[in-house]
Amino acid sequence: MMSDCILVVVAKVGLQDQLTMDSYGTDTVKELDQTSEEEYATQSKLIKEFITIPSIDKAWIFNSGSGPQAMVAMSQANLLANKRRKFMLSGHISKESSNLSVNFHWAPFPVEMTGASAFVPSPSGLKLLVVRNPDDKESPTKFEIWSSSHLEKEFHIPQKVHGSVYVDGWFEGISWNSDETCVAYVAEEPSLPKPTFDHLGYYTKDNVGLDKDIGSWKGQGDWEEEWGEAYAGKRQPALFVINVDSGEVEHIKGVPRSISVGQVVWSPSSKGSAKYLVFAGWLGDKRKFGIKYCYNRPCSIYAIKFRDASAGSDEPKDNAKEAFPIHNLTKSISSGFSPLFSKDGKFLLFLSAKTAVDSGAHWGTESLHKINWPSDGKLSESTDIVDLIPVVNCADDGCFPGLYVTGLLSDPWLSDGHTLMLSSYWHSCRVILSLNMLSGELSRASPNDSDCSWSVLALDGDDIVAVCSSPVSVPEIKYGKKVVDPAGRPSWQWLDIPNPIFKSSEKVTSGLSSLEFKILKVPVSNVSECLTKGAKKPIEAIYVSSSKSKENGICDPLVVIVHGGPHSVAPCSFSKTLAYLSSIGYSLLIVNYRGSLGFGEDALQSLPGKVGSQDVNDVLSAVDHAVEMGLADPSRITVLGGSHGGFLTTHLIGQAPNKFVAAAARNPVCNLASMVGITDIPDWCFFEAYGDQTHYTEAPSPEDMSRFHQMSPISHISKVNTTPLPFFFDKFEDIHLMILLVQVKTPTLFLLGTMDLRVPISNGIQYVRALKEKGVEVKVLVFPNDNHPLDRPQTDYESFLNIAVWFNKYCKL
Ligand SMILES: CC(=O)N[C@@H](C)C(=O)N[C@@H](C)C(=O)O
C-alpha cells in the first residue's frame, strides 16, 4: 500500500552549476577582463559601421519642367554628438517607356539639414517650410519659407505664443492650405502662469518687475499631467495657423483644453464654402495615460471653421474674435485618427483603432472608414460612417490579415482619384497595399512573393517610390511602374534603382554577404478548444543565418529575439543592430508570438490575460522547432528582448533555466506589481494580466497585486516545483513526488534607462538585485539620459557592443 507521505527528493536546478562557475575564482575573471578589453576594441570598430548606416525616412516627388525630381530625407547616427544627423538628397528621375527602365540621377552629395525639426513642401512644390524647434524653454520656434533659390521669409515665434511644434509622428500635423498662404500646425500651448513671490517671500499678483537678483522667484504652480513616456514637457498640443506672408500666428480658439489636438489638415477648397480645419483629438482632461505605442486612447475626428481674414469672411466683423463651434464628426466610433480627404473632396477618410479602444489592448487590428464631406461646407450633426476596410478577425491562408498602419501619406492617391496607396503589416512583413475606394478591391502592390519589407515613400503619378529591406539587406529605393492588365486591374513592376550613393561600407557588405533568411511557420502547442480559430494558427519566426554554417554542418550560436508591446511586431526588415549580431556569427530567431500585429484580431486577442505563459510557450515552441529542424545547437542559445520582450526574456530564463546560456534584457518588465503604481500606463498592467478592462483601478487590491506578482518574471527567480518521480525511482514505493528547487542561472546583461517613464528603472534594478542575491551572474549598464527605447546613438552603440561581448563570452565565439 502506498503511504500518505509525499516525499521528497530535493534537486537544485541552476544554483549548483552557478557555484561551479564561481569557483573558477578571480584569476579567471581577470583573464576574461583582458580578453574582453581586446574584444571591445575589435567589436567597436565593426559595430560603428553598422550603427552609422543611414535610414531612408521620407521622400517627395516634384514635377518640374524637366521631368520629375525626387527629394529624399535621410538620417544617420552622429555618434560624437549623440544625435541623429538629417540630410536631404535630390535626384532627377528619367524613365524609358520602351524598356520599362528608370534611373535616378542623384546630386553628387546630400545636404545636411542642421537643426531642422521638420520640412514640409507646399502642394505646388514651389515653397518649402522648414521648422526649427528651440533647444530650451526660452528661445523661439523658427519658421523658414524657402523658394527654389533662396530663403523668402523667416519668422520667430516666441514661447509666450507657443512652445515647440509637434514633430513626433503622432500629434504631428503640419499642413499647407491650397493657396499656400497659411500653414496649420500643432504646437505646445504655453503653460499656465506660475505664481510669483517677491524678495520678501510675499505672493505677487503678476511678475512685472520681478528680479531674480534681489531674491524674487517663480513658484512651480499646479502640476499639469503630461502625455507620458517620450512626452516629457508635453501637456497640451494645440492648434495654430501661421500666415506665411505676414508671419501672424493665430491660436485657434474653440477647441476646449480637454482636447489634445493632432494631425491637422485643411478641408477642400471650393468657392464660397466655409474652410475647416480637420484634426484628430484625444481627451486628456482627467487622466492622461501614456500615449506612445498606445492606440487604445479614445480619439475622434473634429472640424472647426477657419476664419480666413485675407479672403474676407462670412462672419460679421464684430464676431471676428469669437470662437466657432467645434464638430465631432465621429461620435459613433471610439477611435478616429489620420484624417485624409479624397482627391475630389467629397469624402473624409480616417483610420480607426476601435478594436484597441474597445478591448483595452494597446494596439489592435485597425479599420479604415469614410464619411461624406458636404459640398456646401455645412456640417450636419450626425454623420454616417462607412467601412472601407473592416477589422479582420481571422483570415484564410494567404488572404489579407487586417490593417496595421502607422500613418498615411499626405497625398496617397493615384491619378484616377479613387485608388489609395498605403503600407501595412502582413504577418511578419510590411507590404504596400492599393485600395480602390469605388470597387472596394484591396490588393498587394509590393511583390506577392517577396519576404522583404516594403513601405511606400511617395507617388510619382501612378508609379511608386518605395523603400525595401530585409534582415540581410540594407534599405534600398525601389521604383514600382504601374501596369494594367486586360481587365483594367493595376499591378506594379518593381525596378531596382542604380544608386551608388546608398552603398554600404566594405565591412557591412562583407558582413552581410553570406547571410540568408527565411520565415518559419511554427505550430503552436497546447491548443485548447476555447481558443478562437485565428488563435490556433501557426505563428511565424524569422530565421537568419550564415550560409557558411550550413556548408560546415555546424550551427552558429543562436540569438532568440522577442519584441515588446506585446501587441507589436518584429518585421522582416533591416535592423542595424541585429544585422551586426548576425554579421559576427550569430543566427537569429525573431519570434512573432501570438499577440503580435499582422495576424488578425483573434490571434492578437488570445494573449491578454495569459502573458508570461502563452507568449513564453510560443517562443519555446519556436526555439524547439528550430532545434528540431537542425537550425540551432541547443547548447548555444541566447535570448534578447526589451520592454515586454524583456518580460519574456526574464520569464524564459526563469521558466526554462537550462535552455539559454546567456540573456540580455533592455528596460524589461520584471514585476507588474511594482510597475503598476509608477508607470505611465497602469491600465496596461491590468489589461495584460486579466485580459479585460473591468479590473482597472488606480488603487490596486492585494488580490490584484498578488496576480501581478504571480504573472511576473520575479516570481520565477527561485521556486519550488513538484513533479512526479521518474520511472527509475519505482523501487522507492513510498516516494512518488520529487520537489525541485528551480532557479534562474542564466548570466544576464541588463540595459536600463533612468528616464524611462514606461517601465521605470526600479523594475529592472529589483530583478537584478534578486538575481545577485541568488548568485546569478549579471552585468548592468544604466543610461542616465535615456528613456524607454534606449535608442540614442551612443546608447544603441554601447548597448549592442556589450550584448555582443556578453553573448560571445558564453557562446565561446
Ligand atoms: C504598450 C507598451 O509600451 N508596452 C511596453 C511594456 C512595451 O513592451 N513597449 C514596446 C512597444 C517596446 O518595444 O518598447
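Every number for a ligand or one of its atoms is a count from 1 in the order of the listing. Owing to the predicted nature of the structure, the values given are computational and were not obtained by experimental measurement.
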Side-chain touch H644/V611, heavy atoms, less than 4.5 angstrom: yes

Report yes if some N/O of Y293 lies less than 3.5 Å from some N/O of ligand 1; otherwise report no. no

Can you confirm if the aromatic rings of W684 and Y293 lie within a centre distance of less than 6.0 Å? no

Residue part near ligand 1, for H788, under 4.0 Å between non-hydrogen atoms: side chain

Is ligand 1 under 4.0 Å from a heavy atom in the side chain of H362, in the backbone, in both, or in neither? side chain

Under 3.5 Å: N/O of H644 near N/O of ligand 1: yes

How many angstroms lie between CD1 in I761 and CZ in F750, if you round to the nearest 0.5 Å? 11.5 Å

Which residue in the set D756, N787, D786, N763 passes side-chain hydrogen bond (donor to acceptor under 3.5 Å, both in side chains) when paired with N667? D756

Looking only at protein heavy atoms, which one is nearest to atom 3 (O) of ligand 1, and what is the separation? R758 NH1, 2.8 Å

I'd like to check which ligand 1 atoms, numbered from 1 as shown, lie under 4.0 Å from a non-hydrogen atom of G565. 1 (C), 2 (C), 4 (N), 5 (C), 7 (C), 8 (O), 9 (N), 10 (C), 11 (C)

Below a 4.0 angstrom heavy-atom separation, can you tell me which part of W684, side chain or backbone, both or neither, approaches ligand 1? side chain

H563, portion touching ligand 1 at heavy-atom distance under 4.0 Å: neither

Heavy-atom proximity to atom 5 (C) of ligand 1, picking from P668, C685, S643, points to S643

Any nitrogen or oxygen of K292, side chain or backbone, less than 3.5 Å from one on ligand 1? no

With K234 via salt bridge (charged side-chain N to carboxylate O under 4.0 Å, His left out) - residues at least two apart: none

In terms of side-chain geometry, is the basic nitrogen of K292 or E229 positioned less than 4.0 Å from the acidic oxygen of its partner? no

Does atom NZ (K58) have a neighbourhood of more than 12 heavy atoms from anything else shown, all under 6.0 Å? no

